[in-house]
Amino acid sequence: WYRPMRLEPHGPEPFADHSATRLVIGPSCLVLFVVLGIFSLAYWAVTARPKIDADANGAPTHQHAPAPTIEQLQQLAELVTTRVVINDSLTTSLDGNVGSLNIALIVRGDGLITVNLKRASLKDVDPDSKTATVLLPQPYVALARVDHEQTRVFAINATGLWSMLPTDSGRAQLIERAMRLAQHAVTRAANDPKLISEARDQAETLVCRFFKDTMGWSIDVEWAHPDP
């Protein structure tokens with residue numbers, strides 16, 4: 001007769017077998033990590049080295065620092081412009097056969113002295129020593145103008161028969177003449193050699209400092225001969 005038998009479930013495998021398995025896997029992972037670490041260090045050592053350019057024969061070539069350019073210099077156009085304030089006074093008159101009309105004027109104005117950097121040039125550029133020479137044209141007065149709001153008529157007086165004429169007789173003509181002379185006075189004052197020299201010094205300092213601070217280059221400035 002057949003009698004069903006109760007099958008007992010198998011228990012877990014002996015602890016020693018699992019321990020042996022773990023001991024085999026552990027050293028394998030460790031070896032793999034060590035190999036990956038060595039490979040990573042080797043790759044970093046190769047790629048981290050600075051790139052050295054070589055010529056056709058394989059010899060290393062020296063890399064020069066970027067040199068200054070005229071385009072960089074022209075960015076300073078507004079900065080090399082010097083504004084000067086002008087205070088002056090003048091007198092003028094209208095003379096007649098039997099008298100005269102005189103005026104005294106307090107003149108206020110300003111001028112802009114600049115350097116035309118479009119005419120600048122570079123020479124003696126030495127990338128090894130990072131030195132160069134900038135040749136600049138002479139400063140010039142780009143603008144001179146009378147400040148009509150601040151310019152004042154100090155006095156008008158008439159002599160002889162002019163004093164017997166109506167108050168506004170000849171005065172408009174005299175003031176117009178005085179303002180033309182004021183414009184000439186402002187232009188002449190702006191062209192004062194001392195002001196031109198100060199503008200030259202300012203431009204030279206600015207150019208040298210710009211290339212020193214931004215690129216580490218030492219710049220000498222030479223000025224072209226004044227136009228005849």
Side-chain angles (χ1 to χ4, degrees), residues 44-89 106-151 179 182-228:
W44 177 85
V46 172
T47 58
R49 289 185 302 173
K51 182 180 179 181
I52 300 176
D53 293 338
D55 57 18
N57 298 323
T61 59
H62 181 66
Q63 293 183 341
H64 296 298
T69 64
I70 294 299
E71 289 74 20
Q72 292 171 320
L73 190 61
Q74 291 175 351
Q75 296 176 8
L76 306 177
E78 294 184 1
L79 298 179
V80 298
T81 299
T82 304
R83 179 177 179 269
V84 295
V85 177
I86 297 165
N87 299 311
D88 203 352
S89 62
I106 304 298
V107 181
R108 299 286 187 271
D110 62 355
L112 296 179
I113 305 175
T114 189
V115 177
N116 186 1
L117 295 181
K118 292 182 179 180
R119 296 174 54 191
S121 60
L122 285 165
K123 67 176 186 177
D124 301 331
V125 179
D126 186 352
D128 292 327
S129 61
K130 300 181 74 173
T131 58
T133 299
V134 175
L135 182 63
L136 296 178
Q138 291 290 329
Y140 70 99
V141 177
L143 177 66
R145 60 189 176 185
V146 175
D147 186 339
H148 292 273
E149 293 184 358
Q150 298 296 323
T151 298
M179 294 304 292
Q183 180 61 54
H184 292 311
V186 169
T187 302
R188 183 175 61 253
N191 280 279
D192 187 315
K194 181 180 179 180
L195 296 178
I196 298 296
S197 178
E198 291 175 356
R200 188 185 299 112
D201 292 342
Q202 176 178 314
E204 184 171 338
T205 300
L206 183 63
V207 168
C208 293
R209 182 176 299 172
F210 172 77
F211 285 111
K212 187 67 174 178
D213 292 348
T214 60
M215 303 180 67
W217 279 64
S218 297
I219 300 295
D220 290 328
V221 175
E222 291 183 3
W223 294 93
H225 295 296
D227 295 330

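Small disclaimer: the values here were computed from a predicted structure and weren't measured. Hydrogens, waters and symmetry mates are skipped; everything else that's a heavy atom, side chains included, is used.
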[Y] side chain reached by [X] side chain, heavy atoms, under 4.5 Å:
{"X": "Val125", "Y": "Trp217", "answer": "yes"}
{"X": "His225", "Y": "Gln138", "answer": "no"}
{"X": "Asp220", "Y": "Val134", "answer": "no"}
{"X": "Asp88", "Y": "Val186", "answer": "no"}
{"X": "Leu136", "Y": "Arg200", "answer": "no"}
{"X": "Trp223", "Y": "Val115", "answer": "yes"}
{"X": "Ser89", "Y": "Val107", "answer": "no"}

Supply the atom-to-atom distance [X] [atom1] to [Y] [atom2], rounded to the nearest 0.5 angstrom.
{"X": "Asp201", "Y": "Glu198", "atom1": "CG", "atom2": "CD", "value": "8.0 Å"}
{"X": "Thr131", "Y": "Asp126", "atom1": "OG1", "atom2": "CG", "value": "4.5 Å"}
{"X": "Leu76", "Y": "Phe210", "atom1": "CG", "atom2": "CZ", "value": "5.0 Å"}
{"X": "Thr133", "Y": "Ile219", "atom1": "OG1", "atom2": "CD1", "value": "7.5 Å"}
{"X": "Phe211", "Y": "Lys130", "atom1": "CZ", "atom2": "NZ", "value": "12.5 Å"}

Please find the pair of heavy atoms, one from [X] and one from [Y], that lie closest to each other, and give the distance.
{"X": "Ile86", "Y": "Gly111", "result": "CD1-N, 4.4 Å"}
{"X": "Val141", "Y": "Ala190", "result": "CG2-O, 3.5 Å"}
{"X": "Cys208", "Y": "Val221", "result": "SG-CG2, 3.9 Å"}
{"X": "Ile70", "Y": "Ala120", "result": "CD1-O, 3.6 Å"}
{"X": "Ala224", "Y": "Pro137", "result": "CB-CA, 4.1 Å"}

How would you list all residue pairs meeting side-chain hydrogen bond (donor to acceptor under 3.5 Å, both in side chains) that involve residues 184-197, not counting sequence neighbours?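 Applying side-chain hydrogen bond (donor to acceptor under 3.5 Å, both in side chains) to every pair that reaches into residues 184-197, excluding sequence neighbours, yields Gln183-Thr187.
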What side-chain hydrogen bond (donor to acceptor under 3.5 Å, both in side chains) pairs are there with at least one residue in residues 107-123, not counting sequence neighbours?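 Counting only pairs at least two positions apart or across chains, the side-chain hydrogen bond (donor to acceptor under 3.5 Å, both in side chains) contacts touching residues 107-123 are Thr81-Thr114, Arg83-Asp110, Asn87-Arg108, Asp110-Arg145, Lys123-Glu222.
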Check step by step if side chain to side chain contact (heavy atoms under 4.5 Å, CB included) holds for Thr151 and Ile106. CA-CA 6 Å; Thr151 298; Ile106 304 298; over 6 Å; no
Is Gln74 reaching over with its side chain to a backbone N or O of Glu71, donor-acceptor style, under 3.5 angstrom?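 No: the side chain of Gln74 does not pair with the backbone of Glu71.
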Any chance you could lay out the side chain to side chain contact (heavy atoms under 4.5 Å, CB included) test for Thr82 and Leu112, step after step, and finish with the verdict? CA-CA 6 Å; Thr82 304; Leu112 296 179; over 6 Å; no
